[in-house]
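One is the number of the first residue; the rest follow in order along the sequence.
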Amino acid sequence: MGLLTTGFAYGPERRLFEGMLAAARARHVNLLCFHGRRLNSPVAADRSANVLYDLVDRRCCDGLVVWAGALGEHVSIEELRSFCFRFELPVVTIGGRVHLDIPSVVFDFYSGMRTLMHHLIDVHAFRRIAFVRGLEGQDEAEQRFRAYCDVVAESGLALDDQLIVPGNFQRDAGKRAVSILFDERRARPDAIVAVNDETALGVLDELVARGIAVPGEVALTGFDDDAAV
C-alpha cells in the first residue's frame, strides 16, 4: 500500500500517517510513504521533488491513498483526478474535494466552522471577530472562510474587510496577521479565528510577545483539533 503525501509536520497529516501505519501493521501490510510536495507548486524546488511520484507503480504498490487536501492545493479537480488515475491502481483520496469516480474521505469543514462561529457570537457575545484565512482557492480553506462569512451575515453583524487577513496555514502567517490587524489596520478585534491550529499558534506567539492577554483581552481559536495544540 502506498501513501502519497506532502509531509508530516502538519498535525492532520501526521495523524493520518500514524493511523494508516497502525492499520497496516494490524493487517500485516507493508506501507510505503512517498513524501513529495504539492502538485504544480509555484516553488521550483517543490516541483523538482515531485519526481518521487514517478517511482509509484504496480511493482511496489497494490493500491494508493492520496492526501488530496495537501497535494491538490494548486491544481484543478480534473488535474488531480488525472494524477490519481495515471498510476492505474486502486486509489482512495483523503481531504480536498469530492471526486465522483474516486472513493474519497472528506471532512465537513463548513459545519465545523459554523459551530465555532456561533459559539463565539451566541455564547460569548463577541462582535468584532477577525479571521485569518488559508490559501485562497483551496477548497478546505474556502469552506472555513465561507462559514465565517455566512454566520457573520446571519447574526446581523457587518462583514468588515479590515478584520479579514490573508494566510497560508503556516505559523508565520499567524504572526503576520497580528501585525496586519494591530499595526497596519489598527483594527482591534474581540476575537481572532485562525483557519487552522498551526496559524493559531502563530497568532498566539505574537499576541503574547506584545503583552496582549489571551483570552482576557483577545479570544483566539484554531481549527483541526491538532493534538500538539
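- Looking at heavy atoms from C-beta onward, Asp160 lies out of side-chain contact with Ile164 at the 4.5 angstrom threshold.
- Aromatic ring orientation, His119 versus His124: perpendicular (interplanar angle above 60°, classes split at 30° and 60°).
- At least one donor-acceptor pair closer than 3.5 Å links the side chain of Ser82 to the backbone N or O of Glu78.
- For the side-chain hydrogen bond (donor to acceptor under 3.5 Å, both in side chains) test, no residue two or more places apart in sequence or in another chain qualifies with Arg176.
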Next on the checklist: For Arg144 and Asn196: C-alpha separation, side-chain torsions, deciding distance, then whether side chain to side chain contact (heavy atoms under 4.5 Å, CB included) applies.
Outcome noted: CA-CA 9 Å; Arg144 302 173 201 198; Asn196 70 334; 3.9 Å; yes

Next on the checklist: Would Leu3 and Phe17 count as a side chain to side chain contact (heavy atoms under 4.5 Å, CB included) here? Give the steps.
Outcome noted: CA-CA 8 Å; Leu3 169 62; Phe17 172 74; 4.0 Å; yes

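- Distance CG/Leu135 to CZ/Phe169: 6.0 Å, rounded to 0.5 Å.
- Listed by first and then second residue, the salt bridge (Lys or Arg N to Asp or Glu O under 4.0 Å) pairs involving residues 19-36 amount to none (not counting sequence neighbours).
- Residues satisfying the ring-ring contact (aromatic ring centres under 6.0 Å, His included) criterion with Phe85, sequence neighbours excluded, are absent altogether.
- Taking CG of Leu201 as the reference point, atom CD of Glu206 lies at 13.5 Å (rounded to 0.5 Å).
- Minimum heavy-atom separation, Ala141 to Gly134: CB-CA, 3.8 Å.
- With a 4.5 Å cut-off on side-chain heavy atoms, Asp190 and Ile129 do not count as touching.
- Of the possible donor and acceptor atoms, one in the side chain of Glu79 sits under 3.5 Å from a partner among the backbone N and O of Ser76.
- Taking all atoms of both residues into account, the shortest heavy-atom contact from Cys33 to Thr5 is SG-CG2, 3.7 Å.
- In this structure, the side chains of Leu32 and Cys60 come closer than 4.5 Å at one or more pairs of heavy atoms.
- Within the 3.5 Å criterion, the main-chain N or O of Ser111 finds a donor-acceptor partner in the side chain of Thr115.
- No more than 12 heavy atoms of other residues, nucleotides or ligands shown are found within 6.0 angstrom of CG on Asn30.
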Next on the checklist: I'd like to know whether Leu71 forms a side chain to side chain contact (heavy atoms under 4.5 Å, CB included) with Thr6, so could you lay out the CA-CA distance, the side-chain angles of the two residues, the decisive distance to 0.1 Å, and finally the verdict.
Outcome noted: CA-CA 7 Å; Leu71 269 71; Thr6 59; 3.6 Å; yes

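- A salt bridge links Glu217 with Arg188: at least one charged nitrogen is closer than 4.0 Å to a carboxylate oxygen.
- Remark: Tyr53 engages Phe83 in a ring-ring contact (aromatic ring centres under 6.0 Å, His included) (not counting sequence neighbours).
- The minimum heavy-atom distance linking Ile121 with Ser155 is given by the pair CD1-OG, 3.7 Å.
- Within a 6.0 Å radius of CG in Asp122, other residues, nucleotides and ligands contribute more than 12 heavy atoms.
- When the side-chain hydrogen bond (donor to acceptor under 3.5 Å, both in side chains) test is applied to Ser179, the partners found at least two apart in sequence or on another chain are Asp183.
- In this structure, the side chains of Ile192 and Leu181 come closer than 4.5 Å at one or more pairs of heavy atoms.
- Residues satisfying the ring-ring contact (aromatic ring centres under 6.0 Å, His included) criterion with Tyr110, sequence neighbours excluded, are absent altogether.
- Here the straight-line distance linking atom CG of Leu80 with atom CG of Asn40 works out to 11.5 Å at 0.5 Å rounding.
- Sorted by first and then second residue, the side-chain hydrogen bond (donor to acceptor under 3.5 Å, both in side chains) pairs involving residues 125-134 (not counting sequence neighbours) are Arg133-Glu142.
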Next on the checklist: What verdict does the side chain to side chain contact (heavy atoms under 4.5 Å, CB included) test give for Leu64 and Val56, after you've listed the backbone C-alpha separation in whole Å, the side-chain angles of each residue and the deciding distance to 0.1 Å?
Outcome noted: CA-CA 9 Å; Leu64 297 175; Val56 180; 3.6 Å; yes

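- Here Thr199 contributes atom OG1 and Asn168 contributes atom CG; the two are 6.5 Å apart, rounded to the nearest 0.5 Å.
- Remark: the backbone N or O of Gly202 is not paired with any side-chain donor or acceptor of Asp172 at under 3.5 angstrom.
- Applying the side-chain hydrogen bond (donor to acceptor under 3.5 Å, both in side chains) test to Glu154 and every residue at least two apart in sequence or in another chain returns Arg114.
- Asn50 and Gly36 get closest at one heavy-atom pair: OD1-C, 3.7 Å.
- Judged as a side-chain hydrogen bond (donor to acceptor under 3.5 Å, both in side chains), and not counting sequence neighbours, Gln170 has no contacts.
- Formation of a donor-acceptor pair under 3.5 Å by the Arg171 side chain with backbone atoms of Glu198 is not found in this model.
- Closest non-hydrogen pair, Leu163 versus Ala187, comes out as CD2-CB, 4.1 Å.
- Residues Phe109 and Glu140 share a closest heavy-atom pair of CE1-CG, 3.3 Å.
- Annotation: side chain of Ile102 is not in contact with side chain of Val92 (no heavy-atom distance under 4.5 Å).
- In this structure Arg58 satisfies the side chain to side chain contact (heavy atoms under 4.5 Å, CB included) test together with Glu88, Leu89, sequence neighbours excluded.
- Annotation: side chain of Arg185 is in contact with side chain of Val165 (closest heavy-atom distance under 4.5 Å).
- Annotation: ring-ring contact (aromatic ring centres under 6.0 Å, His included) contacts of Phe34 (sequence neighbours excluded): none.
- Val132 has its side chain out of reach of Val195: every pair of non-hydrogen atoms, C-beta onward, lies at least 4.5 Å apart.
- Expressed to the nearest 0.5 Å, how far CE of Met1 lies from CG of Leu21 amounts to 13.0 Å.
- The ring pair (Phe, Tyr, Trp, His ring centres under 6.0 Å) pairs that include a residue from residues 140-164 are Phe131-Phe145, Phe131-Tyr148, where partners are two or more places apart or lie in different chains.
- Between the CG atom in Leu4 and the OG1 atom in Thr93 there is a gap of 12.0 Å [rounded to 0.5 Å].
- At a threshold of 4.5 Å between non-hydrogen side-chain atoms, the residues Phe223 and Leu116 count as touching.
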